[in-house]
Amino acid sequence: MTNRNTVTYNSMISAYAKNGRVVEARRLFDQMPYRNLVSWNTMIAGYSHNGCVAEAAELFDRMPKRDAFSWTLMITCYTRNGELEEARRLFDRMPEKDVVSWNLMVEGFVRVGDLVSAFECFRRIPNPNVISWVTLLNGYCKSGCIVEGRRIFDQMPEKNVVSWNAMLAGYIRCLQIDEAYQLFMEMPERNSISWTTMIDGYVQCGIMDEALELFMRMPKKDVVSWNTMIAGYAQDGQMDKALRFFHEMVKKNRVSWNSVISGFIQNGFYVEALQHFKMMRKEGKDPDWSTFACALSGCANLAALQVGTQLHNLLLKSGHIIDIFAGNALITMYARCGRILTARQVFDEMVSVDLVSWNSLIAGHALNGYAKAAISIFQEMKKNGVAPDEVTFIGLLSACSHAGMVDDGLELFYSMSRDYPITPVAEHYACVVDLLGRAGRLGEALKLVKGMPIKANAGIWGSLLGACRMHKNPEVANVAAEKLFEFEPHTTSNYVLLSNIHAEAGSWGEVERVRVLMKERGVWKQPARSWIEIKNEVRSFSSDDSTEPRAAEVFMVLRVLNAQMRNIGHMSDSSLLDCG
DNA sequence: TATGCGTAGT
């Protein structure tokens, strides 16, 4: 029984489900006077789309009649939600397997990285179509088996533009940019995806000039190619160019806004990120979870609690559920703003949490000096069956370091590789050096650094040098400084620090040695500059005709200054998020 | 304009 009414209902169910409103979709489904097969299928698709596996399965079992759509929808639901075994069982039960269902199973194996089963499954397909081939090709390329991928590509009986694009993306995923370009030139036809993939390839290799050249050559530039350039420049640290592209765009979409906002965050322009968040809303573009996460990260870095709280309210009001991403961003924001109890409250109210949530909570407590709490959260986390990772230990070690809990910290450090399969990286060593350094155990710290299996970086040596100042140890200071100078030969503050250590010890000969060193290296007449001095310098750029500063340099300096100068309290008073 | 599989952007 199908009439116009049924079709309307079906469209509405689909529309609701696609927007995450699965409860409303179900209410409509239950209200329908007549449900046809498509209604059932649409509802299952809706559940599948929103990760509601159990609900989909329940409907699938109850439906009066099933067609090929029903089966493949349910298989998709399982494979896309990480239940490959269930998918496999259902597939085995499927009465007449069509090529779509076969392709889904190949894709399911590809998703979990089981290429052997994927290939085996592919081989059994009676009449593989071009989609079957592309799915397999993708599997190899995504696992970095580019040679295998190429072999599949060469064996394909028919190739369309999608096949070529998949091979192109494969080369780019493996960062084989020359091979990619060669393939790009060989392509019998190119669509906008081919162009954008190639442009993005140059972006990923950090070759923005080539990306730009290709973008200019692109016949019909669409919003995605523009967005790729914006994200590319942002990633490359060239926010001025990213912003220019953004302003020149005629039709900006949500991704354009997100790209520029996230670019600001990546490059430390937090105020600008929040301003653009506001502008985005003013222009009637709805922020999504990614926008919110960026804005919250901006607040976290500025310690802008008032704005962050407004964002939290906005998030609740806009009907977004506080999912894992948003929840984690909120935890970090509140913790960085010193509201550790609120951070904990957000954590407790989250429907589900992941490792990042735990890590954010631990790091938040560490940051606020609650080392004991950080460790007890770690215990709680383990009790919940969540295994720690590198980030967890950075939080724990920094907690111990701030609280002077040397023995606990060392024990945690050693337990990393002993009890968990986690190899300490430079950041962990930096924490432990800091830990030992603050406690005055400089000899041990130096010994640790010298025995490191990886090369110590500037952060580690810098941390050691700082500790030498605190505990007046010129001998270790000389060793640390020498290493630090290898990384940062022109950073004045390092020399000044070393000089001060010797001065405090009364070793004027050593002080003089450092001064000579500075002079030799041309750093000695570079006083630490206040922002006012930098600002004047920037201003003088325009009147100084001997050197024409690059626009980018001026832009960067000005932005940093703006961010520093602006009063955050004032910013929230001017109701940053209030868009009338 | 109602439902299933493959290629691009935060």
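FYI, side chains are in, hydrogens and waters are out, and symmetry mates aren't considered; it's all heavy atoms of this structure. Lettering of chains follows the sequences in order, A, B, ..., and the numbering in each one begins at 1.
A:V106 comes within 4.0 angstrom of no nucleic acid atom, judged by non-hydrogen atoms across all strands. Among the atoms of the strands shown, only primed sugar atoms or phosphate atoms (P, OP1, OP2) are found under 4.0 Å from some heavy atom of A:S11. Using a 4.0 Å heavy-atom cutoff across all strands shown, A:S192 reaches at least one base atom of the nucleic acid. Residue contacts shown for A:D67 are absent, as no nucleic acid heavy atom lies under 4.0 Å away. Residue-level contact check: A:A68 touches the bases, meaning some heavy atom is under 4.0 Å from a base atom. Across all strands shown, A:R173 has heavy atoms under 4.0 Å from sugar-phosphate atoms exclusively, and none from any base. Backbone-only contact: A:T228 has heavy atoms under 4.0 Å from sugar-phosphate atoms and none from a base.
Listed nucleotides: B:dT10, B:dG6, B:dG4. Nearest to the side chain of A:N258: B:dT10. Ranking B:dG4, B:dC5, B:dG6 by closeness to the A:L73 side chain, first place goes to B:dG4. In this structure, the nucleotide among B:dG6, B:dT10, B:dA8 sitting nearest to the side chain of A:A169 is B:dA8. Distance from the side chain of A:V38 is smallest to B:dA2 among B:dA2, B:dG4, B:dA8. Here the side chain of A:Q266 is nearest to one of B:dA2, B:dT10, B:dG6, namely B:dT10. Side-chain atoms of A:V130 lie closest to B:dG6 of the nucleotides B:dC5, B:dT10, B:dG6. When the nucleotides B:dG4, B:dG6, B:dT10 are ranked by their closest atom to the side chain of A:E107, B:dG6 comes out on top. Distances were taken from every side-chain heavy atom of A:D200 (C-beta onward) to each of B:dG4, B:dG6, B:dG9; the shortest belongs to B:dG9. Taking only side-chain atoms of A:L104, from C-beta outward, the nucleotide of B:dC5, B:dA8, B:dA2 with the closest atom is B:dC5.
Ring pair A:H276/A:W257 is tilted by interplanar angle, where 30° to 60° counts as tilted. Between A:W102 and A:F91, the ring planes lie perpendicular to each other; the angle is over 60°, past the 30° to 60° tilted range. Below 30°, between 30° and 60°, or above 60°: for A:F245 and A:Y233 the angle between ring planes is between 30° and 60°, a tilted geometry.
Taking the charged nitrogens against the carboxylate oxygens, A:R244 and A:D240 have no contact shorter than 4.0 Å, which rules out a salt bridge. Salt-bridge check for A:R88 with A:D92: failed, with every basic side-chain N at 4.0 Å or more from each acidic carboxylate O.
For A:N160 against B:dG6, a side-chain-to-base donor-acceptor contact under 3.5 Å is present. Remark: the A:N253 side chain and the B:dG9 base include a donor-acceptor N/O pair separated by less than 3.5 Å. Counting distance only, with no hydrogens placed and no angle test, the side-chain atoms of A:T135 and the base atoms of B:dG6 include no donor-acceptor pair under 3.5 Å.
When rounded to the nearest whole Å, the span between CG of A:D288 and C1' of B:dG9 equals 13 Å. To the nearest angstrom, P of B:dT10 lies 15 Å from CZ of A:R254. Going from atom CD of A:Q204 over to atom C1' of B:dG9 covers 11 Å, rounded to whole Å. One atom, CD1 of A:I193, and another, P of B:dT7, lie 9 Å apart when rounded to the nearest Å. The nearest whole Å value for the distance from the OH atom in A:Y16 to the P atom in B:dT1 is 22 Å. Rounded to an integer number of Å, the gap from A:M12 CE to B:dT3 C1' is 17 Å. A:W257 places its CH2 atom 22 Å from the P atom of B:dG9, with the value rounded to the nearest Å. In this structure, A:I44 places its CD1 atom 15 Å from C1' of B:dA2, rounding to the nearest Å.
Residue A:K18 has no polar side-chain atom (N or O) positioned under 4.0 Å from OP1 or OP2 of B:dA2. Within the 4.0 Å cut-off from OP1 or OP2 of B:dG4, not a single side-chain nitrogen or oxygen of A:R80 is found. In this model, the phosphate group of B:dG6 is not approached by any side-chain N or O of A:R111 to a distance below 4.0 Å at OP1 or OP2. Contact check, A:N41 against B:dG4: no side-chain N or O comes under 4.0 Å of OP1 or OP2.
Within the 3.5 Å criterion, the main-chain N or O of A:G232 finds no donor-acceptor partner in the side chain of A:D236. Between the side chain of A:T196 and the main chain of A:S192, a donor-acceptor pair closer than 3.5 Å is present.
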